[in-house]
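To find a chain, count down the sequence lines: A is the first, B the second, and so on, and within it residues start at 1.
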Amino acid sequence: MEILLAIAIMALGAIVLGAALGFASIKFKVEGDPLVEKIEAILPQTQCGQCGYPGCKPYAEAIANGEEINKCPPGGSEGVQRLADLLGREVKPLDAEEKPKAVALIDENTCIGCTLCIQACPVDAIVGAAKQMHTIVAALCTGCELCLPPCPVECISMETIGENIDNWKWKYPVVEIRPELRQAAASQEAA
Amino acid sequence: MLMNLFKFKGGVKPPTNKTQSVGLPIAQAPLPSSLIVPLHQSIGGTPRPVVQAGDKVLKGQLIGEADGWISAAVHAPTSGTVRAVAMHVQPHPSGLDALCVVIEPDGRDEWIDRQPLDYSALSPEEVRERLQQAGVVGLGGAVFPTHGKLTASKTVPMDELVINGAECEPFITCDDLLMRERAEEVVRGVGIFRDLLQPKKVLIGIEDNKPEAAAAMRAAVQAVGETFEVIQVPTLYPAGGAKQLIRVLTGKEVPASKRSTDLGVQCFNVATAYTAWRAVAHGEPVVSRLVTLSGNVQAPRNYEVLIGTPMGELLQLAQPQPDTDGIIMGGPMMGFLVPDANAPVVKATNCLIAHSAQLFPPKAPEMPCIRCGSCAQACPHELQPFEMYWFSRAKNFGKTQEYHIFDCIECGCCSFVCPSRIPLVSYFRFAKSEIWAREREKKAADTAKERFEFKQLREEREKAEKAEKLAKAAAAQAAKKAAEAAAAAAAENAPPADAPAPTTEQTVPVDAGMDAKKAAIEAAMARAKAQRAAAQPRNTELQDAAMQQEVAEIEARRAAAHLTDTEATTPAPAKEKTE
C-alpha cells in the first residue's frame with residue numbers, strides 16, 4: 001500500500017512538473033535564433049557580400065553555424081574582436097585588407113543613365129532613371145562597392161570619408177615621455 | 001535681499017587671475033586685415049552660404065542663412081568684399097578646417113539698413129524668428145541658438161528665469177565688464193526673455209568677487225523699473241555652470257536626461273541678453289562680442305571684437321610677452337590650446353589667454369590612480385570620476401554610461417585636484433566621443449539594414465506580382481481555349497476554317513468524327529506552336545515608327561531578293577495581313 005502511495009506521489013509530481021515545463025516551453029518560446037540576432041547587430045550592415053554571403057544576415061547565420069568570423073572587411077579588426085568576444089572564439093586577423101570608410105561617387109559627366117547601378121545598390125541609395133543622370137545619396141551609401149562592377153562606363157569611384165569637425169574624435173590620452181616633463185616631475189617631487 | 005541660497009557639492013577654488021584685465025574699460029579692437037567668418041558657429045544645422053567670392057557686403061548683411069529651426073544665421077562683421085567661401089582652420093581642438101566666408105574689409109564699416117523693432121507689438125513667434133535671423137546664440141560658451149530656448153513648456157509652469165553672470169572661470173572678465181558698462185541693455189534684454197517665457201521670478205546670479213558688476217546691475221534694474229533680483233553667489237568654481245547656478249539659486253537639480261524647462265527653469269548668459277536686446281531694439285545682428293585678452297601679456301584688457309578676427313592678430317593688441325608659445329581659447333579650466341593662430345574669433349570665444357611655459361608649467365607625467373577619492377569630492381555633479389576613469393581607460397564604454405558619463409560637464413575640477421595628475425577630463429572626452437561615434441555607426445547600420453530589408457521585400461513583391469499576372473493570363477487563355485473547344489465541338493460538322501488558330505489550317509487535320517476533347521487538345525497544341533512562332537525575338541520593342549518603317553523596307557528588299565523565308569521573320573501584324 002505504501003509503495004503504491006509513493007509511486008502515486010512521484011507520478012503526480014512528475015505530471016505537475018511536466019505540465020509546467022510544457023507550458024513554459026510554449027509560453028516562453030523564443031522566436032528565431034537569438035545568437036544570429038546578436039551577431040547581426042555587430043555586423044556593419046553594408047550588405048556588400050564581401051564575405052561570400054548575400055547580405056549580413058546570411059553571414060550571421062553562417063557564423064552561428066560555425067563559419068569563420070574574420071570575413072567581414074567593412075567590420076574591420078574591431079568587428080572581429082567583438083564577434084570573438086561574443087562567441088568566445090579566437091581572434092583571427094582579417095581575411096582581407098582593411099579599407100577606410102568610403103562612399104561611392106558618380107561622375108555625372110560620364111554617366112549614361114543605364115540604371116544598372118541602381119539595380120545593384122542593396123540599400124536604394126542611388127537615384128536616377130533610364131537615360132537620366134544618376135546620383136548617389138551619400139548619407140545612405142554604405143560603401144559596399146556593389147555598384148562598381150555593373151557600371152559599363154566605369155563612372156563610379158569610391159571617395160574616402162576623411163576626418164572632419166563633425167566626425168572628429170578625442171584621442172585616447174597618451175603619456176608623453178619628454179625630458180622636460182621628467183624634469184618637471186623631479187622638481188615637483190623635490191618641492 | 002535676504003534669500004536662502006543653496007549649495008552644490010564639490011567645486012574648487014583655482015586662483016582667479018581676474019584683476020589684471022578689469023583695470024581698463026572695454027576698447028574697440030581695430031579692423032583686422034581680413035575676417036574669416038565660419039558658417040557653423042552654433043549648435044544645430046550648418047548655415048548655408050548666401051554670398052559668393054567677389055560679392056560686396058555691408059556690415060550686418062546675411063552671409064549664411066539658418067538651416068532648420070535649431071540653427072542661427074551668420075552675418076558679415078564689417079563692410080567689404082567677399083574674397084572666398086572656402087575651408088579654413090577652425091578654433092577647435094582638432095585643428096581641422098570648415099567652411100568659412102573670408103571678407104576683406106573696405107575700412108568704411110558701413111551698416112546695412114538697421115530696423116529697430118518694438119517687440120511688445122510683435123507675437124512671440126516673430127520675436128523668436130527675429131532672434132534666429134539675427135544669429136543670437138548662447139554666448140556663455142555652449143552657443144545654443146537662443147530662440148530655441150525661448151518657448152515655454154506647455155505642461156510645466158515657468159517658475160524661475162536664471163540669468164548667468166557668475167563667470168567663474170579664471171582670467172575671464174568679459175561678462176564682468178559688460179555688466180559694469182552696459183548693464184541697462186543687459187536688463188532690457190532680460191526683459192525680452194521674461195516677456196517670452198513669463199516666469200514667476202527672474203534671478204540674476206553674479207559671483208561675489210564682482211561687486212561692481214552687481215552694483216551696476218542693481219542700479220540698472222531700478223532705473224529700468226524691473227523687479228529682477230540680483231543675487232551675489234559665493235565664488236566657487238564652477239558656479240557659472242548653468243546647472244550649478246540653477247542649483248545655487250533655486251535648489252533644483254537638472255539631470256542629464258532632462259531639460260531645465262522640464263523643471264520650470266531656464267538659464268541665459270548676460271551677454272546673450274545684451275545681444276538679444278541689440279538685435280531686437282537696434283536691428284543689429286551678432287557681428288561682434290567681448291573678448292578678454294589676458295595671460296602672458298603686458299596689456300591685458302577686454303575688447304569688442306568682430307567675429308572672424310584672426311586670433312593671432314587680435315592677441316597682438318595686448319602685447320604678448322616674447323616667451324608666449326600658444327593661445328588658449330576659453331579659460332584655463334575648460335579651454336583648449338588653439339592649434340593655429342590663424343583661427344578666427346567665433347561667437348563662443350570669450351577669452352584668449354597667451355600661453356607660456358612659465359604661466360602654465362607643463363604637467364608632470366600621469367601617475368597611477370591611488371583611489372584617494374579626491375575627484376569624487378570635487379565633482380560638482382556628484383559623479384565618481386575615478387570609476388569613469390577606469391572604464392574609459394579600459395574602453396568599457398557601457399560601464400562609463402552606467403556611471404553617468406554624459407552628466408559630466410567637463411569642468412575640470414577632478415583633473416585639478418587629482419594628486420596623481422591624471423588628465424581625467426581627457427579620458428572622459430575620449431569616452432564620450434567614442435560613444436557618439438558608435439551611436440552614429442549603429443544608426444547608419446540600422447538604416448542600411450532597414451533599407452536592405454525593404455529592397456528585398458519589394459523585389460519579392462514584384463516577383464509575386466509578376467507571377468500572379470502570368471497566372472492570370474494563363475487562366476484567361478485556358479478559359480478561352482475551353483470556350484473555343486466547346487465551340488469546335490458544337491460545330492462538329494463545320495469546315496476546318498472555323499478552327500481556332502488561323503495558322504493551324506494546314507497543320508491540324510480536323511477530323512469531323514473526332515470528339516471535342518481531342519479537338520481541344522489539338523487546338524491547344526497548335527496554339528502553343530503558333531505562340532512559339534510569334535514569340536521569335538524581333539527586337540521591335542524599343543523601335544520608333546521611323547525605325548520600324550526602315551526595318552520593313554529592308555525586310556521587303558530581302559524578301560524580294562529571296563534571301564529569307566518571310567514566314568519566319570515577318571512581324572505579327574504582317575501575318576494578320578497575309579490572311
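The only option from D166(A), I165(A), N167(A) that meets the side-chain contact (heavy atoms from CB on, under 4.5 Å) definition with L96(B) turns out to be I165(A).
Taking a 6.0 Å sphere around CG of L457(B), one finds it holds more than 12 heavy atoms contributed by other residues, nucleotides or ligands. More than 12 heavy atoms of other shown residues, nucleotides or ligands fall within 6.0 angstrom of atom CD in E462(B). Annotation for E108(A): atom CD counts as buried by contact number, over 12 foreign heavy atoms lying within 6.0 Å. Counting heavy-atom neighbours within 6.0 Å of K99(A) NZ, excluding the residue itself, gives a total of 12 or less. The neighbour count for E90(A) CD, taken as heavy atoms of other residues, nucleotides or ligands under 6.0 Å away, does not exceed 12. Shown here is R371(B), whose CZ atom has no more than 12 heavy atoms of other residues, nucleotides or ligands within 6.0 Å.
Summarising the geometry of P44(A) relative to A445(B), their closest heavy-atom pair is O-CB, 3.6 Å, with the distance given to 0.1 Å. Residues R451(B) and L140(A) share a closest heavy-atom pair of CZ-CD1, 3.4 Å. Contact record, V123(A) with A448(B): CG1-O, 3.4 Å, taken as the closest heavy-atom pair. When all heavy atoms of F430(B) and W170(A) are compared, the pair lying nearest together is CD1-O, 3.4 Å.
Annotation: the span from L43(A) atom CG to K449(B) atom NZ amounts to 10.0 Å, rounded to 0.5 Å. Atom CE in M87(B) sits 7.5 Å away from atom CG in N164(A) (nearest 0.5 Å).
With a 4.5 angstrom heavy-atom cutoff, K169(A) touches chain B via backbone and side-chain atoms both. Within the 4.5 angstrom heavy-atom criterion, no atom of T46(B) approaches chain A. Of the two parts of Q119(A), only the backbone, made up of N, CA, C and O, holds a non-hydrogen atom closer than 4.5 Å to a non-hydrogen atom of chain B. If you measure heavy-atom distances from P122(A) to chain B, the contacts under 4.5 Å come from both the backbone and the side chain. Heavy atoms of E163(A) lying under 4.5 Å from chain B belong to its backbone as well as its side chain. Contacts between P54(A) and chain B at a heavy-atom distance below 4.5 Å involve the backbone alone (N, CA, C, O).
Residues P93(B) and W168(A) meet the side-chain proximity criterion, which asks for heavy atoms closer than 4.5 Å.
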| task | List the steps and the verdict of side chain to side chain contact (heavy atoms under 4.5 Å, CB included) for Q45(A) and T447(B). | result | CA-CA 9 Å; Q45(A) 303 298 334; T447(B) 318; over 6 Å; no
| Stepwise salt bridge (Lys or Arg N to Asp or Glu O under 4.0 Å) check, K395(B) with E78(A) | CA-CA 12 Å; K395(B) 301 183 187 172; E78(A) 201 195 319; over 6 Å; no
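For Y172(A) (side chain) and R393(B) (main-chain N/O), a donor-acceptor pair under 3.5 Å exists by modelled atom type. K455(B) places a side-chain N or O within donor-acceptor distance of the main-chain N or O of C121(A), the cut-off being under 3.5 Å.
A cation-pi arrangement, defined by a distance under 6.0 Å to the six-membered ring centre and an angle within 45 degrees of its axis, is absent between K57(A) and F452(B).
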